[in-house]
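Next up is a structure, given as structure tokens.
Convention: sequence-line order gives letters A, B, ...; per-chain numbering from 1.
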2 protein chains.
Amino acid sequence: MGILERRERLKKQVRADILKTARDIARDEGWQAVSIRKIAEVIEYSPPILYEYFDSKDKLLETIRDDGFSQLHEEFSKIKNLYRNPEKQLVEFGQAQWRMATEQPEVFQVMFNLDGALCLSKQAYQLEFNMRNNHPVWEALAAIRPRAADTVSKTFYEWWCLTYGFLAMTLISQTRVNVAQMEPVFMESVRRFVRGLM
Amino acid sequence: MGILERRERLKKQVRADILKTARDIARDEGWQAVSIRKIAEVIEYSPPILYEYFDSKDKLLETIRDDGFSQLHEEFSKIKNLYRNPEKQLVEFGQAQWRMATEQPEVFQVMFNLDGALCLSKQAYQLEFNMRNNHPVWEALAAIRPRAADTVSKTFYEWWCLTYGFLAMTLISQTRVNVAQMEPVFMESVRRFVRGLM
DNA sequence: GTTACAGGTTTACACTGTTAGATAATACGC
DNA sequence: GCGTATTATCTAACAGTGTAAACCTGTAAC
């Protein structure tokens, strides 16, 4: 039954092409320029075909967002395996977030509804921010000093506010050339935050 | 010549109505639901009339953004007149920002292109973040400890990242009822930041 | 060979921001 | 008060948006 498999492969490929095309357009022209018709033109299909792969444009964005969070968690996992020290882990987590936001700003924009990217679903946030024990950042924070879960959750929230604030503010307000210069300032803030935990 | 004055008054009124209507719709249904036609319907004019008052929808949003920053600066001025102590000033500045973001989230969204609000102009940021000596926050930071202007500018930038991060993350991820609970966490972070300066 | 179906397209609807042209309402000179 | 000039406003239209329904078309099954 190689035919069905070939079709399955093709379907996956088209799906991936749609996602990639959306990101490409967003990167070049911003998310406000991403339309179903434009994507369809690039992948050389008629517009309605996209609805065979995604229920709506919103769901398409949701997929990109979810993929973004997944990718971030993969980086987190790698770091967790590389370093035992929770302080070191946190600093590396911060750096991974910086990389993600600066290297794939268009994904970061969808993840947090920035700069015209708009995905109505808030499911990803509930998953990400309520993870507690299973979240690498949460675990690292809890490992540094034994505290009540609620206290850790508060610090966890502060972590997100700090890192997100820096990344989003930098992407929003700075020109692309200036962004690179801000990394040391960001990393210094992350380190100070981590020091403050001990 | 009371006729011209009356016309002038009416024009100002309509202009204000347009801005208010846009904010109202955004508040109720989100910025993605704000359209020229919807605004026109509410103010009981035909859609093209809005272009007598604003060059484009983008310019309309820019006005709301600029008004937002102006309003914030008015609050800053009041605080500056009320308190001499720069640390106290900063804490109050933080609280003013919190009030602004939670009481007028739709304005805050436009100010920072959050949640579907998209204003392409970045003029307001350049004005706000490059103000240095004239900015109340910058002045307060500089007053706490005498330092080089560059160092103050870095701290100024960190201030914006911290406060913006908290406010935006809270508005994005939390439900409307949960937002109020986060205020103490935010203010605690602001105070810690201020303490760290001394 | 006919039927069933998946893959894809065309067409259409109800929106969007925005512009051009027509029209209604007002103000001014006589 | 009447005609004219100007201003205010509207209607119609264009190009674009997300999306749904209807239609075609080549392949598979019986």
For B:Gln32 and D:dG18, give me the distance from atom CD to atom C1', rounded to whole Å.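 So the two atoms are 13 Å apart, to the nearest Å.
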
Could you state the atom-to-atom distance from CD of B:Glu44 to C1' of D:dA8 in whole Å?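 So the two atoms are 17 Å apart, to the nearest Å.
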
Measure the distance from CG on B:Leu10 to C1' on D:dT7 and round it to the nearest whole Å.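 From B:Leu10 CG to D:dT7 C1': 13 Å.
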
By the 4.0 Å heavy-atom rule, please label B:Val14 as base, sugar-phosphate, or nothing. nothing

Please state how far atom CG in B:Leu50 lies from atom P in C:dT16, giving the value in whole angstrom units. 13 Å

Would you mind classifying the nucleic acid contact of A:Glu52 as base, sugar-phosphate or nothing, using non-hydrogen atoms under 4.0 angstrom?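 Since no nucleic acid heavy atom lies under 4.0 Å of A:Glu52, the category is nothing.
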
Between B:Arg7 and D:dT7, is there a side-chain N or O to OP1/OP2 distance below 4.0 Å? no

So B:Phe156 and B:Trp160, would you call those rings parallel, tilted or perpendicular, with 30° and 60° as cut-offs?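 B:Phe156 vs B:Trp160 ring planes: perpendicular.
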
Quick check: on DNA chain D, is the nucleotide nearest A:Lys38 upstream (toward 5') of the one nearest A:Asp55, or the reverse? Name the residue that is more 5'. A:Lys38

For D:dG18 and A:Tyr51 - does any side-chain N or O of the residue sit under 4.0 Å from the phosphate oxygens OP1/OP2? no

Interatomic distance, B:Asp58 CG vs C:dT16 P [rounded to whole Å]: 18 Å

Mark yes when over 12 heavy atoms from residues, nucleotides or ligands other than A:Gln32 sit less than 6.0 Å from its CD; otherwise mark no.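 Enclosed: over 12 neighbouring heavy atoms sit under 6.0 Å from CD of A:Gln32.
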
Rounded to whole Å, how long is the line connecting atom CD1 of A:Ile49 with atom P of C:dT10? 11 Å

Hey, which sits more toward the 5' end of DNA chain C by its nearest nucleotide, A:Lys11 or B:Pro47? A:Lys11

Please determine, for the side chain of A:Ile36, which listed nucleotide (D:dT9, D:dG18, C:dT18) has the closest atom? D:dG18

Ring centres under 6.0 angstrom apart (A:Phe112, A:Tyr164): yes

Nearest 0.5 Å, what's the CE-CD distance between B:Met182 and A:Glu158?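 Nearest 0.5 Å value for the CE-CD distance: 8.5 Å.
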
Please report, rounded to the nearest Å, how far the P atom of D:dC10 is from the CD atom of B:Glu41.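 After rounding, the reported distance stands at 13 Å.
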
Side chains of B:Tyr157 and A:Thr170 only: does a donor on one sit below 3.5 Å from an acceptor on the other?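 Indeed, the side chains of B:Tyr157 and A:Thr170 share at least one donor-acceptor pair under 3.5 Å.
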
Between D:dA20 atom P and A:Lys57 atom NZ, what is the distance in whole Å?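 Going from A:Lys57 (NZ) to D:dA20 (P), I get 14 Å.
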
Let's see if you can work this out: which of C:dA27, C:dA20, D:dA21 has an atom nearest to the side-chain heavy atoms of B:Pro48? C:dA20

Distance test, side-chain N/O of A:Ser35 to OP1/OP2 of D:dT17, below 4.0 Å: yes

Please determine whether any donor N or O and acceptor N or O are separated by less than 3.5 Å between the side chain of B:Arg37 and the base of C:dG17. yes

